[in-house]
Amino acid sequence: MKIGIVCYPTYGGSGVVATELGMELARRGHQVHFITYAMPIRLDRFQDNVFFHEVEIPSYPLMEHQLYTLALAGKIIDVDKYEHLDVLHVHYAIPHAISGYLAKQILNTKKQIKLVTTLHGTDITLVGLEPGFHPLVKFSLEQSDAVTAVSSYLMEKTKQNFTPRTDMSVIHNFVDTNVYIRHDDRCDGLRRRIAKNNEKILMHISNFRSVKRVQDTVRILAEVRKTVDAKLVLVGDGPDRADTERLCRELNMNDYVTFLGKQSALPEILSAADVFLLPSQSESFGLAALEALSCGVPVIGANIGGIPEVILHGENGYISELGDVQRMAKYAVELLTQPKRWDAFSAKARSFAVDNFDTNKIVPQYEQLYQRLL
Ligand code: GMT
């Protein structure tokens, strides 16, 4: 099949899922055309059958705001004209599903391209609820040939707030468990550097947006340190980084927190972690949590969104109420001070990821969906 993939190329879960999906589809013999305004962050290695088409967004003094939606539609039309795509798979509804719909209408060829929209999170739970966007999202979901959501929670929200369409399906996020695997030898360097005295390592990876509540991770560390000699490694960057750094100084945690910034060697970095923290206030799925589990790292998160589909309370991690830093710290101490419990959680984390969310289990679901449409 010839598949066009539209996504945000930035440091965020929807772009990561779209890119990993495209790379895997290409490995399976499909021809994949990424149509985005910059090279997606995970498109960092050569892969046969993968092509990249950059959306250039024209500017003109008359127009103060950039015309991304239209430029994207124009690029889709251009790519389809020469490549004759079978499927256009857009990730994150706003504005990608609208651009896809527009392109499809304008193309209006005999062999119509099939439009698949995958919902990722705030396109449904936050941004899509804006009164100005709501009718557009609803319309584009109803006009897509197929709609998928990355968790049952997100599907439920989509039905509640946008459309009663009954043929939408849940296709969970996935992880390459051969890549995301614990390599104790490879992480030795990081562990030695950060935890010179064999301290325990708490870790968090995100784009530091306010929904992630990154500052909670520092508060959790401060609590944990009352009992356990622990350090916190923060990976990523974004709007809340400066406030998080300030909080570290306020709580005298400076010496115990390492900001690594944006990184790509995530399996190696995750291999150094003892516990992964994801205290987000909104998370349709929590891809970072899944990547940690696959590396055998137990995860502590909040009871929100799709988190209970990823963290099994008391088995591969713990779930507590949103913002309950004390409780999260208590759970972390439990795992850090009871090696047998940690071993059992770590083993379950790994097997849960392998058994339920491995690439080979999930990607065929997308292939079957495309085939059904064609
Ligand atoms: O919805 C967003 O905030 C954007 C999106 C992203 O690009 O980071 O994140 C969502 O998609 C991820 C991949 O499917 C999920 O793992 C995240 O849980 C989800 N984020 C939220 O729901 C806040």
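Numbering of ligands and ligand atoms starts at 1, following listing order.
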What donor-acceptor contacts under 3.5 angstrom involve side-chain atoms of residues 317-332, with partners at least two apart or in another chain?
residue, atom, partner, partner atom, Å
Tyr318, OH, Glu334, OE1, 2.8
Tyr318, OH, Arg341, NH1, 2.8
Asp324, OD1, Arg327, N, 3.2

query = Are any of the side-chain heavy atoms of Ile269 and Met203 separated by less than 4.5 Å?
reply = yes
ask   = Are any of the side-chain heavy atoms of Pro298 and Lys348 separated by less than 4.5 Å?
value = no
ask   = If only atom types and distance count, is the side chain of Arg225 paired as donor or acceptor with the main-chain N or O of Ala230 below 3.5 Å?
value = yes
Throw together a table of side-chain donor-acceptor distances under 3.5 angstrom for residues 245-265, partners on residues two or more places apart or in other chains.
residue, atom, partner, partner atom, Å
Glu245, OE2, Arg241, NE, 3.1
Arg246, NH1, Asp243, OD1, 2.6
Gln263, NE2, Leu260, O, 2.8

key: Within the protein, residues bringing a heavy atom under 4.0 Å of ligand 1, chain by chain   = Gly12, Gly13, Ser14, Val17, Tyr92, His120, Gly121, Thr122, Val150, Asn173, Arg209, Ser282, Glu283, Ser284, Phe285, Gly286, Leu287
key: Qualifying residues under side-chain hydrogen bond (donor to acceptor under 3.5 Å, both in side chains), relative to Arg209, sequence neighbours excluded   = Asn207
